[in-house]
Asker: 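Below is the structure I would like to discuss, written out as structure tokens.
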There are 2 protein chains.
Amino acid sequence: MIDDTVARTQVVEAADQLFYAHGVQAVGMDAVRTAAGVSLKRIYSLFPSKDALVAAVLERRRAQWNAGIAASAARAATVREKILAVFDFLDAWFREADFNGCAFINAYGELHDGNPDVTRTVREQKAAFQRYVADLVRDAGAPEPLAAQIAILAEGAQTTAAIAGTPEAAGQARAAAEVLIDAALA
Amino acid sequence: MIDDTVARTQVVEAADQLFYAHGVQAVGMDAVRTAAGVSLKRIYSLFPSKDALVAAVLERRRAQWNAGIAASAARAATVREKILAVFDFLDAWFREADFNGCAFINAYGELHDGNPDVTRTVREQKAAFQRYVADLVRDAGAPEPLAAQIAILAEGAQTTAAIAGTPEAAGQARAAAEVLIDAALA
DNA sequence: TACGATAGAGAACGGTCGTTCTCAATGCAA
DNA sequence: TTGCATTGAGAACGACCGTTCTCTATCGTA
């Protein structure tokens, strides 16, 4: 038998890919079992319900998002560039073959009604991102309202790129962010 | 028996409200029947399938969006104000009690996988909005890239307001749009 | 080698959904 | 009034889903 940790990772990764590509409700637990190569019994011993699996998938997405943003920011020299690094991260993400919009937004739209945990998780994820941007804006010495504007650009770029099926929204949002930052610091 | 047109309107309005509040997949045709006061047999004589009803609901949303944007723009004196009127429209919408994000984005996230019609409809709706903004930007004599930036702000405001559950994203996006317009015209 | 615990495969169960069908009631034509 | 077409209400059907259960095979241990 494979290790619990390994099995758990396989299940979450398979579920993430399927949920993200097809939507949570469109994917049955049988499909997760087949993709993960882990028996249903095992899956239900690792996660008490499909909702718990969804929560684990969102937690994985949260860690990936934070790591990606941090790595992109680490390549930036100035605070201004760290803010813009958000859009560089988005640009690279939008160009990935399986990009299909923000998993949190998708999950919220699909599940907010019957799953309060999802609503709370998504709301917290977005709030955390806004705090991250707000910290950078403060470090840059710019007025506070800039933070919300940058966050809105990032959200809009994600849905625009997802629906249009093209990545250029990242660059467009980045250009707008540059103008807003410069205006705020002037 | 009530008129076909009246029955159709009742069904679409009831379905719209239920789909928007709870998600399409979470609402059964029985619930639509009860809310609309129209028998299942009648519903299926008006719409060949649930997918067709979803298409009719999205068409209704499209007309409402266009009418709302046009009415808001009609109250504006200058081209610059017509662009900003988009965010005034969003502000009023975000404050409605049942606001729950953009119905097109929600439908896309939930149904894009198994319903290509939805994908096409949503993509076309967003493209039409971008053309609308692009026309205003051209009339204002501003460079073309401003249009995409305004559209991204509008998209981001919708998802931000929906997830946060508060309406202030409209004003924040409007302030950002003002800065971008002024910078583009300078 | 014999045995008991455990795992995987998948059948089974209860529920729900989209769609169709039944059947009694209604309204209209002659 | 009689007969017929049509309607609404809701039962019925087939499919699918989340979850649990059964059964067989396997593995570690003595």
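Below, chains carry the letters A, B, ... as their sequence lines are ordered, and counting in each starts from 1.
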Asker: One thing to verify: whether A/Glu81 and A/Arg75 come together as a salt bridge, which I'm taking to mean a side-chain N less than 4.0 angstrom from a carboxylate O.
Answerer: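 No, A/Arg75 and A/Glu81 are not salt-bridged.
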Asker: Closest to the B/Lys50 side chain: C/dC17, D/dG18, D/dA9?
Answerer: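 The closest nucleotide is C/dC17.
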Asker: Considering every strand and a 4.0 Å limit on heavy-atom distances, what is the contact class for A/Val32: base, sugar-phosphate, or nothing?
Answerer: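 Answer is nothing: A/Val32 stays at 4.0 Å or more from every strand.
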Asker: Grab the CG-C1' distance between B/Asp30 and D/dG8 for me, whole Å please.
Answerer: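 Nearest whole value for this atom pair: 14 Å.
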Asker: Would you list the protein and nucleotides 22-27 of chain C atom pairs, both N or O, that sit under 3.5 Å from each other?
Answerer:
none

Asker: So, OP1 or OP2 of D/dG8: does either fall under 4.0 Å of a side-chain N or O from B/Arg42?
Answerer: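 Yes, such a contact exists.
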Asker: Above 12 or not: heavy atoms from other molecules or residues under 6.0 Å from CD of A/Gln17?
Answerer: no
Asker: Calculate the interatomic distance between B/Ile43 atom CD1 and D/dT7 atom C1'; express it in whole Å.
Answerer: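 To the nearest whole Å, that distance equals 14 Å.
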Asker: Please check this pair: side chain of A/Asn100 against backbone of A/Asn106, looking for a donor-acceptor N/O pair closer than 3.5 Å.
Answerer: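 Looks like no, no N/O pair under 3.5 Å.
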Asker: Starting at atom CG of A/Leu18, determine the distance to atom P of D/dG18, rounded to an integer number of angstrom.
Answerer: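 For the pair A/Leu18 CG and D/dG18 P, the rounded distance is 12 Å.
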Asker: I need the CG-P distance between A/Asp51 and D/dT19, as an integer number of Å.
Answerer: 7 Å
Asker: Does the pair A/Asp91/A/Arg95 count as a salt bridge with the N-to-O cut at 4.0 Å?
Answerer: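 Looking at A/Arg95 together with A/Asp91, the answer is yes, because their closest N to O distance falls below 4.0 Å.
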Asker: Would you kindly give the CZ-to-P distance between B/Phe47 and C/dT19, to the nearest whole Å?
Answerer: 13 Å
Asker: Is it the case that the side chain of B/Tyr20 and the backbone of B/Gly101 share a donor-acceptor pair, with hydrogens and angles ignored and the cut-off at 3.5 Å?
Answerer: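 Judged by distance alone, yes, a pair lies under 3.5 Å.
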Asker: State yes or no: are the ring centers of B/Phe129 and B/Trp65 separated by less than 6.0 Å?
Answerer: yes
Asker: Does a distance-only test, which skips hydrogens and angles, find a donor-acceptor pair under 3.5 Å between the side chain of A/Arg33 and the base of C/dG10?
Answerer: yes
Asker: Rounded to whole Å, how long is the line connecting atom CG of B/Leu40 with atom C1' of C/dT20?
Answerer: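 My rounded result for the distance is 10 Å.
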Asker: Salt-bridge test for A/Glu155 and A/Lys126: reply yes if a basic N is under 4.0 Å from a carboxylate O, no otherwise.
Answerer: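 Yes, charged N to carboxylate O under 4.0 Å.
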Asker: Could you tell me how far apart B/Gln25 (CD) and D/dG18 (P) are, to the nearest whole angstrom?
Answerer: 11 Å
Asker: Starting at atom CE of B/Met29, determine the distance to atom C1' of D/dC13, rounded to an integer number of angstrom.
Answerer: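 Taking CE of B/Met29 and C1' of D/dC13, I get 17 Å after rounding.
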